[in-house]
Amino acid sequence: MLRTWTFRLPTIIRFGRGSARKLGELAQDFGWKALLVGYKDASGMEAVYHKVQQALRSARVHADTFFEVGPEPDQSLVTAGAEAYKKSRSDLIVAVGGGSVIDVAKGIGALVKLSGEPWDFTNANESHRRITESAPVIAVPTTAGTGSEVTSIAVFHYPPEVTGWDFPAKAAMVGEGLHPKVAVIDPDLLANSPPDILAACAADALIQAMEACLSRMCNPISTVLGGQAARLIFDHMPRAMADPTDMDARSALALAATMSGAAYDVTGLTVGHALAHALGAIFDVPHGRAVAMAGPVAIRFMAGTANDCLKELAYFCERGESIDEHAVEMLLDRLSAMFREAGLPEKFTPPPAPPNYLDLLVQHALRATPEACKLTPVPVDAEVLRNLFTQILA
């Protein structure tokens, strides 16, 4: 853990059931015309979008819609959204959806203030530019996963013709300017999440929280946030899976996702997410499922070096009960068992692929997510990555 550190959470958080009803009043602080960003396939989300638009209308805030986002957004959506924002002469952006929707909204906010393309501001680009400002974004998550509503990170897919690499990339725009101004976390908006989506999102939030506690950049505040987020997910993910109407469990998962986002926004993530992003880029594996496969493998890999950190995490998750030498192994076994019971995959069977696909995965991890490799408490090189990928692949 660092001896000298900084913690910052610039996003205002409004949490609680029914809090989305105040969305229009919150939007008024930034203007009277909003670009509402949402899913292209809004099946099951109709009532949520109706509620949000009604809240904006009741506060006399006009909203134009940009409902074009899919689950794994391409960087071109950001450019298209920025054009829509300018054409509509909006004052702010309201993002209603999961991490993909919020990431696109944050990217749009940056591009309308800073000339260029998303790749110009992506950390994997060695000549990337800083993100110093953004149009105001209000983030309204409808899943409990990435915690993007409080982070300065936005992840997109980039084709080889954009990056100049030999493979597609999944990489992050990162900068203080990307923090949403306000996050409205209303657990009622999570009620329609089907069990498979709920499980994948909760897995992402849990691994993020654990990686935040293991990162070389962890600090006392991020560790408390990450540890408490992990405890909430361990306690409430099985409940939420068993009973979709258990709103106490859904509320706990919503809070945990935001806490995990606040933690890793400061600490960064580690090798588990480097592995997951590579699976997403090369094989189009949905992010939550990729993290569910990669996370447990990566955390076991880090356990030897980061045993004290994992003991502290076990202390959080066991509610302060005494921790002995078996606590870490029990925690890791509990992690794998919970994912298995939720129907999440443990192994990935690659579809027909080029014979060098393992090399592509390794190169992606090193080039697209170099910070995650550097922040891992164990040295990570190509040989280590190859071994970890081999454990994930069936």
Side-chain angles (χ1 to χ4, degrees), residues 71-73 98-100 102-103 141 143-148 151 153-157 169-172 193 195-215 226 229-230 232-234 237 241 253 256-261 263-265 267-303 313 331-332 334-350 361 364-365 368-369 371-373 375-376 380 385 388-389 391-394:
E72 299 287 333
S100 60
I102 297 172
D103 282 1
T143 62
T146 68
S148 183
T151 73
I153 300 162
V155 179
F156 306 108
H157 285 254
K170 184 176 181 179
S193 292
D196 58 332
I197 299 297
L198 185 149
C201 290
D204 187 24
L206 177 54
I207 297 299
Q208 286 168 178
M210 297 178 79
E211 288 190 34
C213 294
L214 299 176
S215 167
L232 286 170
I233 297 168
F234 273 120
M237 179 178 168
M241 293 290 295
L253 293 180
T258 301
M259 292 171 72
S260 77
Y264 82 78
D265 186 56
T267 66
L269 293 167
T270 62
V271 69
H273 270 71
L275 302 173
H277 279 205
L279 292 171
I282 305 302
F283 290 118
D284 295 320
V285 181
H287 182 64
R289 294 175 70 82
V291 171
M293 291 183 282
V297 170
I299 290 171
R300 283 188 180 277
F301 162 69
M302 293 184 276
L313 193 56
L331 178 70
L332 298 181
R334 185 181 177 191
L335 172 68
S336 297
M338 187 171 71
F339 285 3
R340 192 181 308 116
E341 290 166 9
L344 292 165
E346 294 182 79
K347 298 279 187 179
F348 177 66
T349 302
L361 290 169
H364 185 282
T369 50
E371 288 301 314
C373 294
L375 292 174
T376 302
V380 172
L385 289 166
L388 294 174
F389 280 120
Q391 293 179 53
I392 296 166
L393 299 170

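Taking 4.5 Å as the limit, every side-chain heavy atom of Y264 sits out of range of all side-chain heavy atoms of E211. No side-chain heavy atom of L275 sits under 4.5 Å from any side-chain heavy atom of Q391. By the 4.5 Å heavy-atom criterion applied to side chains, S148 and T151 are counted as neighbours. With contacts defined as side-chain heavy-atom distances shorter than 4.5 Å, the pair T270/M302 qualifies. Under the 4.5 Å side-chain criterion, counting only non-hydrogen atoms from C-beta, V291 is not in contact with L206. The shortest distance between side-chain heavy atoms of D204 and H287 falls below 4.5 Å. Residues I207 and H273 have side chains in contact (heavy-atom distance under 4.5 Å, counting atoms from C-beta outward). L375 is not listed as a side-chain neighbour of T267, based on a closest heavy-atom distance of 4.5 Å or more.
Atom CZ of F389 and atom CE of M293 lie 11.0 Å apart (nearest 0.5 Å). With rounding to the nearest 0.5 Å, the separation of CD1 in I102 from CD1 in I153 is 13.0 Å. Interatomic distance, T349 OG1 to I392 CD1, rounded to the nearest 0.5 Å: 12.5 Å.
Minimum interatomic distance between I233 and M338 (heavy atoms only, all atoms of both residues): O-SD, 4.1 Å. In this structure, M241 and A199 approach most closely via the heavy-atom pair SD-CB, 3.8 Å. Smallest separation of non-hydrogen atoms from P296 and S336: CB-OG, 4.1 Å. Scanning all heavy atoms of the two residues, the minimum distance from M237 to A202 falls at SD-CB, 3.7 Å. The two atoms that bring R289 and G343 nearest to each other are NH1-O, 4.5 Å, heavy atoms only. Taking every heavy atom of both residues into account, A294 and A276 meet most closely at CB-N, 4.0 Å.
Remark: side-chain polar atoms of E72 are not paired, donor with acceptor, to backbone N or O of P286 under 3.5 angstrom. Of the possible donor and acceptor atoms, none in the side chain of S215 sits under 3.5 Å from a partner among the backbone N and O of A212.
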Start with the C-alpha gap between M210 and L313, add the side-chain angles, then the distance that decides, and say whether side-chain contact (heavy atoms from CB on, under 4.5 Å) holds.
CA-CA 8 Å; M210 297 178 79; L313 193 56; 3.6 Å; yes
Any chance you could lay out the side-chain contact (heavy atoms from CB on, under 4.5 Å) test for L361 and L279, step after step, and finish with the verdict?
CA-CA 7 Å; L361 290 169; L279 292 171; 4.2 Å; yes
